[in-house]
Protein chains: 2
Amino acid sequence: MKVETAKKVEDAAAWRKYSENMLPPLLQAALDCFVEHGYHGTTIRTVAARAKLSVPGLYHHYASKQALLVAIVQFAMKDLLVRSEDAVAEAGSSVEEQFRLLIECLALFHAHRSELAFIAASEIRSLEGESRTAHIQSRDKQQQMVDDIINQGMREGNFDAEHPKDTSRAIVTMCTGIAQWYRRDGELTPEELALRYANIARMTLGVGPGSRRESVFTAPTVGDAPIVVN
Amino acid sequence: MKVETAKKVEDAAAWRKYSENMLPPLLQAALDCFVEHGYHGTTIRTVAARAKLSVPGLYHHYASKQALLVAIVQFAMKDLLVRSEDAVAEAGSSVEEQFRLLIECLALFHAHRSELAFIAASEIRSLEGESRTAHIQSRDKQQQMVDDIINQGMREGNFDAEHPKDTSRAIVTMCTGIAQWYRRDGELTPEELALRYANIARMTLGVGPGSRRESVFTAPTVGDAPIVVN
DNA sequence: ACTCCTACCGAGCGATCGCTCGGTAGGAGT
DNA sequence: ACTCCTACCGAGCGATCGCTCGGTAGGAGT
């Protein structure tokens with residue numbers, strides 16, 4: 001029982017955990033280059049050098065420069081989608097909580113994985129064929145998750161927005177935008193920033209900042225009680 | 001008197017007016033190519049072909065590929081800054097009105113000039129040397145304008161934000177983000193979108209949507225009266 | 001001992017890149 | 001009539017690009 005509870009808590013919070021060096025070294029080298037010079041501005045020789053490989057050595061692992069980009073972008077979208085679903089699942093049945101955790105998750109990802117998210121967003125143009133289509137579908141799915149929760153909240157009367165669709169887009173954009181400016185050596189940790197962004201997002205829906213600043217582990221009873229808030 | 005008033009009104013609203021084909025044909029061709037393939041993904045031959053010039057013909061007008069990008073980006077930033085200043089000036093002394101018009105202006109620009117704004121934001125990496133520094137300074141100046149107005153509004157008690165700096169960044173990001181997704185054939189005109197974004201932005205500062213949906217020309221008396229609102 | 005297989009390279013190929021050389025055509029000025 | 005100047009090109013140069021050829025080194029399996 002004790003073990004199961006601990007494990008459940010651990011799983012439930014997995015979407016908040018970010019390790020370093022999650023990418024294979026070669027992909028990490030490619031990502032660094034892409035961030036610095038862009039996909040087309042990066043040469044295969046630069047990537048190889050940064051990964052301490054020869055050019056043929058690099059091609060042993062990936063078939064082409066394009067394959068490197070595809071692998072990076074697919075990793076990014078998969079990671080974000082899994083985390084997003086976990087976050088919503090952890091929230092339980094409260095729409096307000098679902099929204100709060102999803103935005104927190106979105107912000108957290110774009111701060112912690114800013115390079116990854118930056119490339120996934122800025123190099124869509126550089127993706128060829130099907131991987132481009134697939135990537136755009138992932139993006140749309142991500143937006144749809146936020147749309148759905150906001151619509152649900154509108155129906156239940158928790159949220160108040162004149163134009164929910166536009167508000168949803170604005171919220172997602174401001175979260176994904178984090179990847180463009182967030183610096184690890186800045187003033188805020190990803191966690192602090194994510195809390196602030198969740199509150200800012202709530203305000204656009206007419207929900208007060210609702211200062212829930214404690215750790216998630218302290219007050220798990222709130223979500224359990226089947227009380228309709230509004 | 002009649003002429004002067006008319007001219008004043010016209011000047012005051014100049015920041016709302018967007019003509020087409022404002023760029024020289026060659027720069028427009030370059031912009032189209034950059035939007036489609038990115039700066040490094042664009043070849044000088046492609047630009048020349050789209051502008052119906054030979055390659056040496058192109059180099060008669062601009063010294064290098066980099067010069068094309070610099071010209072485009074400088075045009076974009078100059079245009080946005082001038083419009084922003086005009087918008088704030090038109091607002092008069094009311095901080096709330098200054099904020100509303102500045103956000104409207106920002107959103108309007110990023111919808112009307114989405115290609116221009118998109119390149120100006122996404123190709124910073126591709127700018128070399130001083131023009132890169134200058135461009136980043138322009139960006140910061142733009143952010144600072146919003147910061148200043150929000151801070152002023154906080155001091156005067158018009159706005160309510162837990163973290164004004166973060167809210168300001170979120171607002172600017174969601175406006176500049178418009179350039180990434182706005183399509184001319186979409187559901188909303190730039191003007192409609194800008195009004196909605198101004199309202200969404202106001203909500204993040206605890207100010208209700210304040211449905212001021214009429215034309216700007218109907219109620220100019222509000223800004224004239226030197227009344228402190230709060 | 002021998003056969004695979006994985007993980008790599010040195011050298012270089014064909015294509016394409018940004019950019020230039022040495023021009024011309026035609027209008028404006030005197 | 002002559003001199004500029006602007007607005008262009010055809011052809012091509014040197015550099016660099018993505019990618020490949022034909023290898024080797026060394027560990028695992030039998």
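Chain letters run A, B, ... following the sequence lines, proteins first and then strands; every chain starts at 1.
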Minimum-distance nucleotide to B/Pro56 side chain [options: D/dC19, C/dC19, C/dC21]
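The closest nucleotide is C/dC21.
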Minimum-distance nucleotide (side-chain atoms of A/Leu53 versus C/dC8, D/dC8, D/dG18):
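Selected nucleotide: C/dC8.
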Student check: side-chain heavy atoms of B/Ile200 and B/Met174 closer than 4.5 Å:
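With C-beta onward as the side chain, the pair touches.
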Rounded to whole Å, please give me the gap between [atom1] in [X] and [atom2] in [N].
X	N	atom1	atom2	answer
B/Leu26	D/dC9	CG	P	11 Å
B/His37	C/dT16	NE2	P	15 Å
A/Lys52	C/dC9	NZ	P	12 Å
B/His40	D/dG18	NE2	C1'	16 Å
A/Tyr59	C/dT6	OH	P	21 Å
A/Arg45	C/dG10	CZ	P	13 Å
B/His60	D/dC8	NE2	P	7 Å
A/Leu68	D/dG18	CG	C1'	12 Å

Could you identify the nucleotide paired to [N], looking across every strand shown and requiring Watson-Crick or G-U wobble geometry with both distances under 3.5 Å?
N	result
D/dT24	C/dA7
D/dC13	C/dG18
D/dG29	C/dC2

Under 4.0 Å between a side-chain N/O of A/His61 and OP1 or OP2 of C/dT6, yes or no?
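No.
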Side-chain (A/Glu123) to main-chain (A/Leu69) donor-acceptor, under 3.5 angstrom
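Pair absent, no side-chain N/O of A/Glu123 close to backbone of A/Leu69.
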Does A/Pro164 offer a backbone N or O that forms a donor-acceptor pair with the side chain of A/Ser168 under 3.5 Å?
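Such a contact is absent between A/Ser168 side chain and A/Pro164 backbone.
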For A/Thr46 and for A/Ala63, find the nucleotide of DNA chain D with the closest heavy atom, then tell me which residue's nucleotide is more 5'.
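Looking at DNA chain D, the more 5' nearest nucleotide goes with A/Thr46.
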Parallel, tilted or perpendicular: which describes the rings of B/Phe34 and B/Tyr39, with under 30° parallel and over 60° perpendicular?
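B/Phe34 vs B/Tyr39 ring planes: perpendicular.
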A/Phe75 six-ring centre to A/Arg113 NZ/CZ under 6.0 Å and within 45° of normal:
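Ring-cation test returns no.
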